[in-house]
Amino acid sequence: MNYSTKLVKVNKDPGHGSHISPVYLTSTFVFDDAEIGAKRFAGEDPGFMYSRLGNPNVRELEEKVAALEFGEGCLAFSSGMAAITGCFLGILQAGDHVVAHTALYGATHAFLTTTIKKFGIDVTFVPFKTGEELEPHITDRTKVVYFETPSNPTLSLVDMESVAAISRQKGALTIVDNTFLSPYLQNPILHGIDIVVHSATKYLSGHGYLIGGLVISRKDIIDPMRKEVQKNMGANLSPMDAWLLYQGIRTLHIRMDRSQENAQILAQRLANHKAVDKVYFPGLANFEDKNIMEKQMKGPGAMISFILKGGYETGVKLMNSVKLSTLAVSLGDVGTLIQHPASMTHAIIPKEEREKAGIDDGLVRFSVGIEDVEDIWKDLEMALG
Ligand SMILES: Cc1ncc(COP(=O)(O)O)c(C=O)c1O
């Protein structure tokens, strides 16, 4: 099947033949006899036992997403952060070391600077773009190399193939947060990355109606994580959310194509606007990581960040001036969302750290939706004025 068909195709319901799977809103599953129960707990029978350990809607979702990201398996979590922290806690132990990129989503950055330290794990933040730039920071204790590409919110890129090659050679696993592009526009596993994580809250769901996270990898990584992280920590996705997410994914390509087309037009207009100092968008001709983009991305995506002249105050003023774009964090919704990282998603990161990561106080993050592009522009132009 070609990719679009893979997205849309649904499984045949084994029960009553409904076109769309029913929602299995049940906490537990009945065993016909004690022997079946024992076999399921021993892993000798594929049936379900208890929804924290597996549920038909969650399994259906996990199988679809594993195929879309070219992985052998997938685990669904109750949020993107549960998926990300689940990976770290599942893989690492006291004494291990992580190399993380400097430009990360705020809560991921906070987890790596605070929570993980309590478990005796060291983290070094490095602004690497290539394996060559990463290499000097890997030690014999380094178990994980973690990054986002494109990064949030500056949209800088990391060359996945070279980073994966160096990390593998040094015995470290690579984890990529692929939230900004979705599996439709980028597949890190095809570029040698070991583990992909998603905040499914964003493009995969697409409709802003749920919080969810996904981890995709090889069987030898997913199977132990399912037994240890999902079972013992219990940050599982609910059957209802798994069902909603599965339905959202079926239109991913259409939503992504339209949002991306709108973003390309808006980024070009923003780049020529006198109130704007700089635009970060991979589709612009002067985008600094163009060579990396061509190697690994199927399109520029639909996230634009731009720096307003006038800093923090101007950023806040723009937030209070837009009328069509929704002033809200999150991204990847069918409706356009706007937010100001310095006062919102990245406020938790100290100003000096933010500046090192290119997050100017006047930076605005714009998640372009599928509305009529002229309406989005009219609103933005009015607010910029
Ligand atoms: C790039 C990225 N990764 C991870 C997350 C965390 O996901 P969630 O909010 O689903 O926990 C976010 C949330 O905004 C994000 O933007």
Side-chain angles (χ1 to χ4, degrees), residues 61 65 69 74-89 100-113 115-116 144 146-158 160 175-183 185-186 188 193 195-216 229 233-238 241-242 244-245 248-249 256 259 280 282 297 301-305 326-333 335 337-349 354 357-359 363-368:
L61 169 76
V65 176
E69 273 292 18
C74 168
L75 294 177
F77 288 87
S78 57
S79 70
M81 285 315 300
I84 293 166
T85 57
C87 279
F88 285 116
L89 298 176
H101 202 283
T102 41
L104 293 179
Y105 170 61
T108 309
H109 186 273
F111 174 79
L112 292 174
T113 47
T115 319
I116 208 170
V144 167
Y146 184 92
F147 59 99
E148 299 169 9
T149 183
S151 72
N152 179 8
T154 54
L155 299 155
S156 62
L157 305 185
V158 174
M160 290 193 284
I175 307 180
V176 168
D177 182 334
N178 198 23
T179 300
F180 264 41
L181 288 179
S182 88
L185 293 179
Q186 179 170 273
I193 296 298
I195 302 170
V196 182
V197 292
H198 281 280
S199 166
T201 314
K202 313 293 167 22
Y203 288 107
L204 284 161
S205 133
H207 295 79
Y209 46 35
L210 63 89
I211 298 279
L214 298 156
V215 175
I216 305 98
V229 179
M233 289 165 60
N236 306 58
L237 191 67
S238 78
D241 285 342
L244 284 167
L245 186 49
I249 287 172
M256 211 73 218
S259 304
Y280 297 108
M297 288 160 60
M303 294 299 298
I304 304 175
S305 288
T326 304
L327 173 55
V329 296
S330 200
L331 58 105
D333 192 85
L337 303 174
I338 194 163
Q339 70 110 349
H340 180 222
S343 65
M344 296 170 186
T345 45
H346 292 66
I348 195 169
I349 304 174
R354 281 205 308 265
I359 309 169
L363 187 130
V364 172
R365 199 184 74 182
F366 202 48
S367 167
V368 180

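Ligands are counted one by one from 1 in listed order, and the atoms in each one are counted from 1 as well. The chain is numbered in sequence order, starting from 1. Note that the coordinates shown come from a computational prediction; the quantities given were computed from them, not determined experimentally.
- When the ring pair (Phe, Tyr, Trp, His ring centres under 6.0 Å) test is applied to His346, no partner is found at least two apart in sequence or on another chain.
- The side chain to side chain donor-acceptor pair (under 3.5 Å) test applied to Thr345 returns Gln339, not counting sequence neighbours.
- The side chain to side chain donor-acceptor pair (under 3.5 Å) check on Ser259 picks up nothing, with sequence neighbours excluded.
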Provide, line by line, the atom pairs where ligand 1 and the protein bring an N/O atom each to a distance under 3.5 Å; else say none.
{"from": "ligand 1", "atom 1": "3 (N)", "to": "Asp177", "atom 2": "OD2", "distance (Å)": "2.6"}
{"from": "ligand 1", "atom 1": "7 (O)", "to": "Ser199", "atom 2": "OG", "distance (Å)": "3.0"}
{"from": "ligand 1", "atom 1": "10 (O)", "to": "Gly80", "atom 2": "N", "distance (Å)": "2.9"}
{"from": "ligand 1", "atom 1": "10 (O)", "to": "Ser199", "atom 2": "OG", "distance (Å)": "2.8"}
{"from": "ligand 1", "atom 1": "10 (O)", "to": "Thr201", "atom 2": "OG1", "distance (Å)": "2.6"}
{"from": "ligand 1", "atom 1": "11 (O)", "to": "Gly80", "atom 2": "N", "distance (Å)": "3.0"}
{"from": "ligand 1", "atom 1": "11 (O)", "to": "Met81", "atom 2": "N", "distance (Å)": "2.8"}
{"from": "ligand 1", "atom 1": "14 (O)", "to": "Lys202", "atom 2": "NZ", "distance (Å)": "2.6"}
{"from": "ligand 1", "atom 1": "16 (O)", "to": "Asn152", "atom 2": "ND2", "distance (Å)": "3.2"}

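- A side-chain donor from one of Ser151 and Ser156 sits under 3.5 Å from a side-chain acceptor of the other.
- Nearest heavy atoms, Glu148 versus Ala103: OE1-O, 4.1 Å.
- Leu363 and Pro341 make their closest contact through O-CD, 3.2 Å (heavy atoms, listed as atom of the first residue, atom of the second, distance).
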